[in-house]
Amino acid sequence: MRGQDHLLGPEGTLTRMLARGTLSSLILWGGPGCGKTTIARLLAGKANLFYSQISAVFSGVAELRKAFDEADKRQEATGRGTLLFVDEIHRFNRAQQDGFLPYVERGTVVLVGATTENPSFALNAALLSRCQVLVLNRLDDASLEALLRRAEEEVGHCLPLDREARASLRAMADGDGRYLLNMVEQLVVLDPNRPLTPKDLAALLSRRAVLYDRDREEHYNLISALHKSLRGSDPDAGLYWFARMLEGGEDPRYIARRLTRFAAEDVGQADPNALPMAVAAWQTYERLGSPEGELALAQVVVHLATAPKSNAVYAAYKAARKLARETGSLMPPSHILNAPTALMKDIGYGKGYKYDHDSEEAFSGQNYFPEGMERVSLYQPTDRGYEGRIRKLLDIRAAKRASREP
């Protein structure tokens, strides 16, 4: 095994578990080709358990019952337990996942489930509470190189690659050990005395498809990375994650929507031009499509990353919603109510209203909150960007309002 030293190294989780002589049920979470199935097979051998394997893609309730019945009979006849490896366990529905519970609790099987999906979302809470979740890393460059050397030992000669082509081969695997070995199988039959260049390699083999699923874990990971890079004012990282999403096949309209939300939430009044610019880029993409329209989105990524940041409007909006729920149905003060009828004038609607445009600097300082309700300061502008000017203006008006209050 390569690349999982945090699990299998001298102080690894699985190493210590086996040293104690106790192997609990596990969920192995990791991308394709990182060694989930191999680890399960090795664990069965080390723990002296019978290895049984099913795939959730091809199995249903009948196959599950058969696997459990065989494990029961095997334990009664030989006293030997069973390690049941379930590949793609997230593809079982909630009811099927519940079917594992009594057998796991009784110890009939040690369940080892493999998933490429986030277990928090893909597996039910009851099953997760009975299993330890272990995260497997994608294979780094050193681990991929170790796999290449192991393959060369197996075939008895070096692969027909020059140094640059060897590095390109590892890059083409993109952290997937299985994909790397599949490519090696195509190379070992070639003449070892005629090394390939990176250009030769690209013509012979295809690069592994980017790991990305538009409605799964990677989708949310990458949009989170983009959002936080912009919030952290890093245009280079923002452009990188933007490009990663495009390369993965993400709909640019989705990215445009998230950028528009970011402009309102994280830039706000610190740069009032950010929001219309985000909308304009969205509209530009709608008119031009790909790839031309993607440049407008890239421009917004850079603008949002370099713009002054403020979430003051966002915070004020959330506080206002909370206050509205707490105060219920309080009426507006009568002096700011319209009075289109004589009756409404008679009962005081509009009485005492001051037209702000007739006041000094178009500011009357009247109360606009419900009568009997204390004034609340919801919007707290920062000193950053344009919002610094707003803060000074609000401070001046607050002082004037205070001086006119009885």
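Excluded from the calculations below are hydrogen atoms, water molecules and symmetry mates; all remaining heavy atoms, backbone and side chain alike, are included. Along the sequence shown, residues are numbered consecutively beginning with 1.
L196 contributes atom CG, which lies 6.5 Å from atom CG of L204 (distance to the nearest 0.5 angstrom). With values rounded to the nearest 0.5 angstrom, S120 atom OG is found 6.5 Å from W29 atom CH2. To the nearest 0.5 Å, atoms CD1 (I255) and CZ (F262) are separated by 14.5 Å. Rounding to the nearest 0.5 Å gives a distance of 15.5 Å between CE of M17 and NZ of K46.
Side chain to side chain, E387 and Y379 meet the donor-acceptor criterion of an N or O pair below 3.5 Å. No side-chain donor-acceptor contact under 3.5 Å links T382 and R391. Between the side chains of S364 and D356, at least one donor-acceptor pair of N or O atoms lies under 3.5 Å. For S224 and N221, the side-chain atoms include no donor-acceptor pair closer than 3.5 Å.
Remark: K318 qualifies as a cation-pi partner of Y314 under the 6.0 Å distance and 45° angle criteria applied to the six-membered ring. For the pair R375 and F369, the cation-pi test (distance below 6.0 Å, angle within 45°) is failed.
Taking 4.0 Å as the cut-off between side-chain N and carboxylate O, K322 and E326 count as a salt-bridged pair. Of the charged side-chain nitrogens involved, none lies within less than 4.0 Å of a carboxylate oxygen, so that E250 and R244 do not count as a salt-bridged pair. Checked for salt-bridge contact, K309 and D266 miss the test: no charged N lies under 4.0 Å from a carboxylate O. For the pair D174 and R138, the salt-bridge criterion is met [side-chain N within less than 4.0 Å of a carboxylate O]. Salt-bridge annotation for E286 and R253: present, with a side-chain N of the basic residue lying under 4.0 Å from a carboxylate O of the acidic one. Between E361 and K400, at least one side-chain N (NZ, or NE/NH1/NH2) sits under 4.0 Å from a carboxylate O, which counts as a salt bridge.
A side-chain donor-acceptor contact under 3.5 Å links D176 to the backbone of R178.
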Under 3.5 Å, sequence neighbours excluded: what are the donor-acceptor pairs made by side chains of residues 289-305?
unit_1, atom_1, unit_2, atom_2, d
S290, OG, Y285, OH, 2.7
S290, OG, E294, OE2, 2.8
H303, NE2, D271, OD2, 2.8

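Between H227 and E265, the shortest heavy-atom contact is CE1-OE1, 4.3 Å. Summarising the geometry of G177 relative to L147, their closest heavy-atom pair is CA-CD1, 3.8 Å, with the distance given to 0.1 Å. Shown here for G33 and L139, the closest heavy-atom pair between the two residues is O-CD1, 4.0 Å. When all heavy atoms of F85 and K36 are compared, the pair lying nearest together is CE1-O, 4.1 Å. Taking all atoms of both residues into account, the shortest heavy-atom contact from A165 to T197 is CB-C, 3.7 Å.
Residue pairs meeting the side chain to side chain donor-acceptor pair (under 3.5 Å) criterion with at least one member in residues 11-26: none, sequence neighbours excluded.
For the side-chain contact (heavy atoms from CB on, under 4.5 Å) with Q4, the qualifying choice from L14, L136, L28, L134 is L136, the only one to do so.
Side-chain contact between V86 and V112: absent, with no pair of heavy atoms (C-beta onward) separated by less than 4.5 Å. Proximity of L128 to P119: side-chain heavy atoms (C-beta onward) are separated by under 4.5 Å at one or more points. The closest side-chain heavy-atom distance from P235 to T306 is below 4.5 Å.
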